[in-house]
Amino acid sequence: VIVCGAGQVGSTIARHLATEGIDVTVVDISPDQARRADESYDVRGMVGHASHPEVLERAGARDADMLIAVTRSDEVNMVACQVAYSLFNVRRRIARVRHNGYLEPIWKGLYASDQLPIDVIISPEVEVANGIVRRLRTPGAFDTVSLADGRVHLLGVHCNTGACSLVGRRMKELSSSGGSGIVVGAIVRNGQTFVPRGEDQVQQGDDVYVITERSHLDRVMTYLGHEEQIARRIVIVGGGNVGLNLASRIAHSASPISLKVIEHSRERAEFISRELGDAAVVLQGDALDKDVLIEANVQSAETIIAVTNDDETNIFASVLAKREGCTRAITLVNKTSYEHVLPALGIDAVVSPSNITISTILRHVRHRSVSALYTLREISGR
Amino acid sequence: VIEATAQEGSRLVKGTLRDAVLPDGMLVGALVRNGEVIIPTSSTRVHPGDNIIAVVSYRALRKAEAILAGPSSGAGV
């Protein structure tokens, strides 16, 4: 496997594949990044421009089964896939493509097998927006994954109150005690994650991942002691690709929702205001400014969704909004080093574009009997 | 969490989930059969062709793949 780009996503994927005994070469334009990849893991790091034929040949493209292109540049990723296909017959090609202009459904013909031959296109911004929309639908869960084409849901839920009916039950007794239609897939206790056996019990304070049918979501959330209402007043911080995509999807949802978007740049604010029309109120200003948050009425909002391209802005805007009285915060955070302090800051749900990208890509690199793989945040890497 | 298709001849389809003796760190959370969702118990039988959703710890991943794999991926039967 050749991985183009040794950023956070590329190097995590390379490490995962290497631990499974797969021969991995990482190509990066920066000598520093390439050297770091070469030193720290059981992978080969190589300096070079990831879409140049000569570089890919040196990386072993002639013998490669798969190319994963996750450099910063959409164009480099696309051309790397084309070169891998046309010159080296690399069998499978995965690329990260971010820019909306390449993703519009009407231009889908571009990726037909005889055109720009990319088998799997990963677009983190779209997946992040999908993940947030799912979280809005089940506000009591800190994580939700949709499985089997949406028929089955995996929910991450805190069992932190006595209202959770799972507490104290043995797994094997669940179906005979009102918990039919629920399987507890994993328990997180004191930072350790494990797959429970029939004798295991859920304790108060655990985080659990449960699997259930979509049509039973409401009943299951009630069983788990979570009856949070779906938000009617939402504030979005950041009007970039994620924020705009999210805002238009919320605006088009069935139930009436009061939506406000805070965007720093005047030009961008005017643009999204035109795009969204009457569906949302767009405020231009700094979300770290208390007056701006008050103007957006965060004190009476149920949910703030912070999705700027700056982790620190997202975290602090969420914390400030909750201090003003906002009920819930959904926060986009890329840096994994912050993961452990976020719950203590009162952030209810974290979405990570790089985690989403990594688990989407790993889903496509599995044994052929496995069609999909999702990584739970707490388990990842361990 | 993995999604997989139950293979004809794999250990998973030989009897009930209890009989399959899944390794520590592997659990079948749901089956989809002909578009219908089944939340299994230990006496549920998996049929070939069922779509399986399973939770597997990293340590059990190899063993899980072995259980899911059909006989063709073995000694070339």
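The basis for the numbers below is simple: all heavy atoms, side chains too, and nothing from hydrogens, waters or symmetry mates. Numbers restart at 1 for each chain; the letters A, B, ... are given by sequence-line order, proteins then strands.
At a 4.5 Å heavy-atom cutoff, the contact between B:Val37 and chain A is made by backbone and side-chain atoms alike. With a 4.5 angstrom heavy-atom cutoff, A:Val184 touches chain B only via backbone atoms. Residue A:Arg151 touches chain B through both its backbone and its side chain, counting heavy-atom pairs closer than 4.5 Å. In this structure, the portion of B:Thr41 lying under 4.5 Å from any heavy atom of chain A is its side chain and not its backbone.
Under a cut-off of 6.0 angstrom, the local environment of CZ in A:Arg197 is sparse, with at most 12 non-hydrogen atoms contributed by other residues, nucleotides or ligands.
The distance from atom CD of A:Glu213 to atom CD1 of B:Ile39, rounded to the nearest 0.5 Å, is 6.0 Å.
The minimum heavy-atom distance linking B:Leu27 with A:Pro196 is given by the pair CD1-O, 3.5 Å. Minimum interatomic distance between A:Val152 and B:Ala30 (heavy atoms only, all atoms of both residues): CG1-CB, 4.1 Å.
With a 4.5 Å cut-off on side-chain heavy atoms, B:Val56 and A:Val195 do not count as touching. Using a 4.5 Å heavy-atom threshold, the side chains of B:Val55 and A:Ile211 count as touching. At least one side-chain heavy atom of A:Leu147 sits less than 4.5 Å from a side-chain heavy atom of B:Val1.
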